[in-house]
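A short write-up of the structure that comes next.
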Amino acid sequence: MDGDHDLLRAWQAGDDRAGEQLFRRHYQLILRFFHNKAGTSAHDLVQRTFLACLEARDRIRGDASFRAFLCGVARNVLFDHYRLARRDRDHLDFGSVSVEDLRPTPGTLLAHAREVDLLLRALRTLPLEGQIILEMYYWEGMRAHEIGDALEMPEPTVRTKIRRARLRLEQIIQASTAPPAIRESTIEGLATWAQRIRDGIGT
């Protein structure tokens, strides 16, 4: 039993070993998803995401990858997490509010290089929707159609949002107080720094 969808169906039917296998297979993916968005709550939200999969099974599109489905569930868990933490939960616009607006946490995570620190801080000041899209794109190597499956958006919309979020990210980095050489290095080597962050999460 190797297929993710088959494992989920088996887990839903009561096979805990299938659930453990599914968890091990995708744990790092979902931990990376929450790492720069949820602070110390990340591990709890990982657990909630996998449990939510049991109830969301019927919403998987036949042509969608399980990875896209799982990221979509994680996105919903994250949004619920922030809504429950705020009195104005009904008025949160995740297309404009950032992680820094919602729940600031130290911005020096994984500061193995000044570029890594600058990139993480810049991502956290993007609107949360843009942060999610860029991290899926750069950290997970997900293509626009797969991100669209995860976030329930048309592929052209995702492509536009990637471009806009990337441009906004570069503007945030350029406006930072970091030395000019660090700002330029962060922007020019964005994929490299994103890979370093990806590889460092959970190790």
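The model shown is predicted, which means the values in this text are computed figures rather than measured ones.
For residues 38-51, the set of pairs meeting the salt bridge (Lys or Arg N to Asp or Glu O under 4.0 Å) definition, not counting sequence neighbours, comprises D44-R48.
Side-chain contact between L70 and F50: present, with at least one pair of heavy atoms (C-beta onward) separated by less than 4.5 Å. The shortest side-chain heavy-atom distance between L118 and W193 does not fall under the 4.5 Å cut-off. R183 is not listed as a side-chain neighbour of E115, based on a closest heavy-atom distance of 4.5 Å or more. A 4.5 Å side-chain heavy-atom check between Y27 and H43 finds at least one atom pair inside the cut-off. Using a 4.5 Å cut-off on side-chain heavy atoms (C-beta onward), I197 and Y138 make no contact.
In this structure, CD on Q195 lies 11.0 Å from CH2 on W139, to the nearest 0.5 angstrom. The distance from the CZ atom of R168 to the CD atom of Q171 is 5.5 Å, given to the nearest 0.5 Å. Atom-to-atom distance recorded for L7:CG and R17:CZ is 11.5 Å, nearest 0.5 angstrom. Remark: L151 CG to T157 OG1 distance equals 11.0 Å, nearest 0.5 Å. Summarising the geometry, atom CG belonging to L120 is positioned 6.0 Å from atom NE2 belonging to H35; distances are rounded to the nearest 0.5 Å. The structure places CG of D15 at 11.5 Å from CG of L8, a figure rounded to the nearest 0.5 Å.
Contact between C71 and A150 at its shortest, heavy atoms only, is CB-CB, 4.0 Å. Across every non-hydrogen atom of R25 and G3, the tightest pair is NH1-C, 4.2 Å. For the pair I30 and A74, the tightest heavy-atom approach, listed with the atom from each and the gap, is CD1-CB, 4.3 Å. Of all the heavy atoms in I132 and L78, the pair that sits closest is CD1-CD2, 4.2 Å. Pairing each heavy atom of H5 with each of S65, the nearest pair is CE1-C, 4.4 Å. Nearest heavy atom pair, residue L119 against residue L190, reads CD1-CD1, 3.3 Å.
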(message) Set out, in order, the CA-CA distance, both residues' side-chain angles and the distance that settles side chain to side chain contact (heavy atoms under 4.5 Å, CB included) for E20 and W11, then state yes or no.
(response) CA-CA 9 Å; E20 291 171 5; W11 188 21; over 6 Å; no
(request) Kindly indicate, with the supporting measurements, whether the criterion side chain to side chain contact (heavy atoms under 4.5 Å, CB included) is fulfilled by I147 and I162. (result) CA-CA 10 Å; I147 296 173; I162 290 172; 4.3 Å; yes
(message) Is there a salt bridge (Lys or Arg N to Asp or Glu O under 4.0 Å) between D117 and R114? Walk through the geometry before answering.
(response) CA-CA 5 Å; D117 181 51; R114 284 179 291 179; over 6 Å; no
(message) Show, in sequence, the C-alpha distance, side-chain angles and deciding distance for V158 and Y137, and conclude whether the side chain to side chain contact (heavy atoms under 4.5 Å, CB included) test is met.
(response) CA-CA 10 Å; V158 173; Y137 185 75; over 6 Å; no
(request) Would you sort out whether R163 and T160 count as a side chain to side chain contact (heavy atoms under 4.5 Å, CB included), showing the intermediate values? (result) CA-CA 5 Å; R163 289 193 298 270; T160 299; 3.4 Å; yes
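The backbone N or O of I172 sits nowhere less than 3.5 Å from a side-chain atom of S176 that would complete a donor-acceptor pair. Judged purely by atom type and a 3.5 angstrom limit, S185 has no side-chain atom pairing as donor or acceptor with the backbone of I182.
Note: H26 and F66 have tilted aromatic rings, judged against thresholds of 30 and 60 degrees for the angle between ring planes.
Classification of E140 and R198 as a salt-bridged pair holds, one side-chain N sitting under 4.0 Å from a carboxylate O. The pair R83-D80 meets the salt-bridge criterion, since a charged nitrogen lies less than 4.0 angstrom from a carboxylate oxygen. A salt bridge links K37 with E135: the distance from a Lys NZ or Arg NE/NH1/NH2 to an Asp or Glu carboxylate oxygen falls below 4.0 Å.
In this structure, H81 has its ring center at least 6.0 angstrom away from the ring center of F34.
Residues satisfying the salt bridge (charged side-chain N to carboxylate O under 4.0 Å, His left out) criterion with R166, sequence neighbours excluded, are E170.
Residue-environment remark: NE2 (H145) exceeds the threshold of 12 foreign heavy atoms within 6.0 Å.
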